[in-house]
Amino acid sequence: MTLHAIAGTQDSDRSMLLLKEKNGERILPIMMSSRRAMTLMMRSKFPIPMPLPASVPDAALMVMSSFDVSISRIVLTHIHNGTFFCRIVAEREGEEKTIEMCPATDGLILAVDALRPIMIQEDLLEAQYMHKTGENSFAININLLTRQMLEEALKHAVESENYEAASHLRDELAKRSEKKE
């Protein structure tokens, strides 16, 4: 996967980072803070070594490099309640170790800063990529949305009397509440 673009959302603090298949057409949207999305895009275009850690991933890279540990790859593995998670594969003296359940935003920063590949499990990409629905429109999977986004979409669906959409949104919110309990 490669960093492709940033798309804004109605929520000014959230952006959609778009990853694109390296040799394909599928695009994967990942919701994150606008600040994080801009940081990732800027670092991918202008890789500048940081003299001091600016974030947890920056600090992690500095600690790992001091112990001769390097990132091999980042693998997006699953999504839960609108948040992508990844596996970080690191190497030291030819031996690989993995860290599971890392928020994808942190993993992506590590991959970009360390100039390492971003990968995704095929079944996850197939389930989550954006489907073209018109000339300039795309559909995304409902589980990419955060709880707050679902609640706002539900409010809008009810106000516009789109009861079918409201029903789907209510069902998704209820499903997430059940899983949380």
Side-chain angles (χ1 to χ4, degrees), residues 1-79 82-92 96 98-122 124-141 143-146 148-149:
M1 304 294 291
T2 60
L3 275 66
H4 180 63
I6 299 173
T9 65
Q10 289 180 341
D11 179 353
S12 61
D13 186 44
R14 307 285 296 166
S15 288
M16 196 180 306
L17 180 73
L18 303 176
L19 299 177
K20 186 174 183 202
E21 276 182 299
K22 201 167 194 154
N23 297 315
E25 294 298 315
R26 294 180 292 185
I27 295 174
L28 180 73
I30 297 181
M31 301 301 286
M32 63 180 61
S33 75
S34 295
R35 192 180 114 250
R36 275 257 164 119
M38 286 301 289
T39 298
L40 274 164
M41 288 304 291
M42 291 299 294
R43 287 183 181 188
S44 72
K45 303 288 184 214
F46 309 103
I48 300 170
M50 293 274 202
L52 295 173
S55 67
V56 171
D58 293 329
L61 275 177
M62 290 180 79
V63 168
M64 288 175 14
S65 69
S66 70
F67 287 99
D68 294 323
V69 176
S70 62
I71 299 290
S72 297
R73 63 192 172 279
I74 303 298
V75 182
L76 300 173
T77 56
H78 68 284
I79 184 170
T83 301
F84 276 94
F85 291 89
C86 69
R87 172 184 311 121
I88 299 170
V89 183
E91 184 180 312
R92 181 169 185 249
E96 280 192 347
T98 61
I99 300 168
E100 302 287 338
M101 296 292 293
C102 176
T105 53
D106 291 337
L108 292 171
I109 289 174
L110 288 171
V112 167
D113 285 353
L115 303 173
R116 294 298 185 248
I118 300 166
M119 305 171 95
I120 185 168
Q121 292 180 341
E122 177 61 32
L124 180 61
L125 178 59
E126 185 59 33
Q128 301 300 328
Y129 80 95
M130 294 173 36
H131 294 76
K132 192 164 185 145
T133 58
E135 184 64 30
N136 294 315
S137 60
F138 292 86
I140 62 172
N141 196 313
N143 66 0
L144 290 172
L145 303 177
T146 64
Q148 179 183 356
M149 295 170 107

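Positions are given from 1, in the same order as the sequence printed here. Keep in mind it's a predicted model, so treat the numbers as computed, not measured.
Between Leu110 and Pro57 the shortest heavy-atom distance is CD2-O, 3.3 Å. Pairing each heavy atom of Arg116 with each of Ile71, the nearest pair is NE-O, 2.6 Å. Taking all atoms of both residues into account, the shortest heavy-atom contact from Arg14 to Ser33 is NH1-N, 3.8 Å. Contact detail for Gly107 and Cys86: the closest heavy-atom pair is CA-SG, 3.8 Å. Shown here for Lys20 and Ile27, the closest heavy-atom pair between the two residues is CG-CG1, 4.1 Å. Here the closest heavy-atom approach between residue Thr133 and residue Phe138 is recorded as OG1-N, 3.7 Å.
One distance of note links OG of Ser44 with CG of Leu115; it measures 10.5 Å at 0.5 Å rounding. Here CG of Asp106 is found 10.0 Å from CZ of Phe85. Values are rounded to the nearest 0.5 Å. Taken to the nearest 0.5 Å, the CZ atom of Arg26 stands 10.0 Å off from the CG atom of Leu28. Rounded to the nearest 0.5 Å, atoms CE (Met62) and CG (Asp113) are 11.5 Å apart. Atom CZ of residue Arg36 and atom CD1 of residue Ile30 lie 12.5 Å apart, to the nearest 0.5 angstrom. Taking CD1 of Ile88 as the reference point, atom CD1 of Ile74 lies at 4.5 Å (rounded to 0.5 Å).
Using modelled atom types, no side-chain atom of His78 and backbone atom of Leu76 make a donor-acceptor pair closer than 3.5 Å. Under a 3.5 Å cut-off, the side chain of Glu91 and the backbone N or O of Ser72 do not form any donor-acceptor pair. One N or O on the side chain of Asn141 and one on the backbone of Ala127 form a donor-acceptor pair closer than 3.5 Å. Not one N or O on the side chain of Arg43 forms a donor-acceptor pair closer than 3.5 Å with the backbone of Val112.
Using a 4.5 Å heavy-atom cutoff, the side chains of Ile118 and Leu3 are in contact. Under the 4.5 Å side-chain criterion, counting only non-hydrogen atoms from C-beta, Met31 is in contact with Met149. A 4.5 Å side-chain heavy-atom check between Gln128 and Ile120 finds every atom pair outside the cut-off. Using a 4.5 Å heavy-atom cutoff, the side chains of Met1 and Leu125 are in contact. A 4.5 Å side-chain heavy-atom check between Phe84 and Leu108 finds every atom pair outside the cut-off. Counting heavy atoms from C-beta outward, Leu145 and Ile140 have side chains that approach closer than 4.5 Å.
Contacts of His4 classified as ring pair (Phe, Tyr, Trp, His ring centres under 6.0 Å), with partners at least two apart in sequence or in another chain: none. Not counting sequence neighbours, the partners of Arg87 by the side chain to side chain donor-acceptor pair (under 3.5 Å) test are Glu100. Scored by the side chain to side chain donor-acceptor pair (under 3.5 Å) test, Ser66 finds no partners at all (sequence neighbours excluded).
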Decide side chain to side chain contact (heavy atoms under 4.5 Å, CB included) for Leu124 and Ile79; before the verdict, give the C-alpha distance in whole Å, the side-chain angles of both, and the deciding distance to 0.1 Å.
CA-CA 8 Å; Leu124 180 61; Ile79 184 170; 4.3 Å; yes
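Residue Met41 places its CE atom among more than 12 non-hydrogen atoms of other residues, nucleotides or ligands, all under 6.0 Å distant. A 6.0 Å sphere centred on CD of Glu25 holds no more than 12 heavy atoms belonging to other residues, nucleotides or ligands.
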